[in-house]
Every structure is written in C-alpha cells, then in structure tokens.
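Side chains included, hydrogens not; waters and symmetry mates left out as well; all remaining heavy atoms used. Below, chains carry the letters A, B, ... as their sequence lines are ordered, and counting in each starts from 1. Small disclaimer: the values here were computed from a predicted structure and weren't measured.
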2 protein chains.
Amino acid sequence: MVEQRSPEVREQQLDAVFGALADPTRRAIVRRLASGDATVGELAEPFAISFQAVSKHLRVLELAGLVERSRRAQQRPCKLRIEPLVAAGGWLGDYRELWESSFDRLDVHLTKKKGSSHA
Amino acid sequence: MVEQRSPEVREQQLDAVFGALADPTRRAIVRRLASGDATVGELAEPFAISFQAVSKHLRVLELAGLVERSRRAQQRPCKLRIEPLVAAGGWLGDYRELWESSFDRLDVHLTKKKGSSHA
DNA sequence: TTATTATTCAACCTAATGGTTGAGCAACGA
DNA sequence: TCGTTGCTCAACCATTAGGTTGAATAATAA
C-alpha cells in the first residue's frame, strides 16, 4: 500500500531529492542508471574525479532514495529508484496549471514536447 | 522564438534551479508567488528568519531565473517565472517513460493525482 | 594464507550556504 | 529638509558540500 508521509517528512524528501539533483555529476549518474544497473566502478569510470568522490555522490543519492545498493561479490551494484523523481515531479506539477494558463514562455514548453509517446 | 541554450548552460540552469528548490523556505516562497506577486516584506512576513535572509533567498531564486524583481516606489515586487520550472520538469520527464513502464511505486504516483483543484 | 579487487571510511582542505547584525541607500510623506 | 519605509550590501559565523589522499574492510582468487 501507499506509504503515508507527514508534511515535514515530505518536505525533507524534497530537500534531499532536489539537492541531490542539483549536482551535474549526480544527474549524470541518474541518467546512466536509467539505462540499467551499474557498479560503483562502472559509474565512476567516465568521470575525472576520484573513485571515492563518486562513492560519496552515491551516498547522497541513496539518502535521497534515488539509488538502492545491493551486494554481488565484492561489488555493490546500484539501481535507480524512481519514486523520489515522481515526488519531485509531483511538486513541480502543482504549478503546471499556473504555467498552462499563462503565456509566459509557453513556447518553450511546447517546443520541448517532442515525441512524448505518453501523457 | 525559443532561446537556444548550449548543453553546458542547460546543465548550469538545472544546477541553479534544482539547487534553488532544495530549500524549504525557497519552495515556500515559490508556492506563495504562484498565487500572485508579492513584495519582499510580504514574502518575509510568515517566516521566523530575518528579513535579510529572505532577501538572500530571493537572490538565489532570481539567479535561477525563478523570480523577477521590478520596482514600485520603495518596494521591489517579485514575480514568479515558470520557465525554469518547465526546464526542471522536462529533465524529470525524461524518466517518465522509465517509471511508467515500471511498477516500482507506481501506486504513489497514482494516489497523489487527486482532485487537483488548485496549487 | 596471501594477494587482488571493489568499495567504504576517516581525516583533511576549500569554497559555498544559510543564518545573523549593522550600515547604507532610494523613494516617499510630512 | 527630515524622518520613515523598504530593501540591499557588507562583514561575519557555523555548518555543509565536494573534492582530495590514505587506510581499512570484505569477498574472491591463487
């Protein structure tokens, strides 16, 4: 069933999720994980920063609920969790009405709606 | 016409927008401005923190493009700009497919789509 | 057992963040 | 002109964040 969250906890989740997404390295990690699970080493490989720094970023993502880590031998494969993304999108969605009823930069919105195979 | 942005600039905008939204005070300000323009004083009033702290938060929001400040007498009325919210929503939207094809916590998403009378 | 691999932990540095207070400034009302 | 209002700027402080390096741990391979 659906987990019930108090308003404060919801706020804290939004703090964590938006904060996690505020870093380009972490967004890149999320992007990468969207195409499939990966180990810390695989995730760190494309970045110029140290291995340990990526590990730290993963902890931030994990605290935000965006990443789930399991174990397989010495590796710790990471999996993307989308629920926090839904929560963040939901918060933004509260303002969809506002921007749909407004003409402020509506062109940008429409232009970005490419294929969009689903609502 | 739609303003063209380079990928780095788009990344920086996402840094700024997600970063701006990572703070509960700033989200509250955005929420407040969604219901209409307000002066700095009006915005600061409900918060326990100092006037100047709210002014700082407004600068962060302004740098993220979320707030536009004009002048009217001694007041500096603030207006919400939605384009950065659209940009952030667009980034999250890239993962919509992923979560629509998945059953991970989909219930949460559906449950939150209640009446939606207003923001 | 020992070595190797994959990863985390710990300590440290620097810069940014969120808050404070006090001073400054611009616009209005008297 | 003078005082008040509305706000920003500047300096400061404590905490957090993103990075580093080096040591520790855990699982596997030899």
I need the B:L14 CG to B:E11 CD distance, nearest 0.5 Å. 5.5 Å
Is the distance from OP1 or OP2 of [N] to the nearest side-chain N or O of [X] less than 4.0 Å?
{"X": "B:T39", "N": "D:dC7", "value": "yes"}
{"X": "A:S55", "N": "C:dT8", "value": "yes"}
{"X": "A:R69", "N": "C:dT7", "value": "no"}
{"X": "A:R26", "N": "D:dG18", "value": "yes"}
{"X": "A:S50", "N": "D:dT20", "value": "yes"}

So which nucleotide from [options] ends up closest to the side chain of [X]?
{"X": "B:R71", "options": "D:dC7, C:dT7, C:dA26", "result": "C:dA26"}
{"X": "B:Q74", "options": "D:dT8, C:dC28, C:dG18", "result": "C:dC28"}
{"X": "B:Q52", "options": "C:dC9, C:dT5, C:dT21", "result": "C:dT21"}

Output yes when a side-chain donor or acceptor of A:R81 lies under 3.5 Å from a complementary backbone atom of A:E68, and no otherwise. no
Are the side chain of B:R27 and the backbone of B:L21 linked by a donor-acceptor contact shorter than 3.5 Å? yes
In a check of side-chain contact (heavy atoms from CB on, under 4.5 Å) between A:T39 and each of A:R69, A:Q74, A:E45, A:Q75, which one passes? A:Q75
Check the distance between [N]'s [atom2] and [X]'s [atom1] and give it to me in whole angstrom.
{"X": "A:L21", "N": "D:dA17", "atom1": "CG", "atom2": "C1'", "result": "16 Å"}
{"X": "B:I49", "N": "C:dT21", "atom1": "CD1", "atom2": "P", "result": "12 Å"}
{"X": "B:R72", "N": "C:dA27", "atom1": "CZ", "atom2": "P", "result": "15 Å"}
{"X": "B:F47", "N": "C:dG19", "atom1": "CZ", "atom2": "P", "result": "10 Å"}
{"X": "A:E42", "N": "C:dT7", "atom1": "CD", "atom2": "C1'", "result": "13 Å"}
{"X": "A:F51", "N": "C:dT5", "atom1": "CZ", "atom2": "P", "result": "13 Å"}
{"X": "B:H57", "N": "D:dT8", "atom1": "NE2", "atom2": "C1'", "result": "15 Å"}
{"X": "A:Q75", "N": "C:dT5", "atom1": "CD", "atom2": "P", "result": "13 Å"}

Comparing nearest nucleotides in DNA chain D, the 5'-proximal residue of the pair A:A53, A:A73 is A:A53
Taking the nucleotide of DNA chain D with the closest heavy atom to each, which residue, B:P77 or A:K56, is nearer the 5' end? B:P77
Tell me whether A:L33 shares a hydrophobic cluster with B:F18, the cluster being built from Ile, Leu, Val, Met, Phe, Trp, Tyr side chains joined at under 4.5 Å. yes
How would you label the contact of B:R59 with the nucleic acid (heavy atoms, under 4.0 Å): base, sugar-phosphate, or nothing? nothing
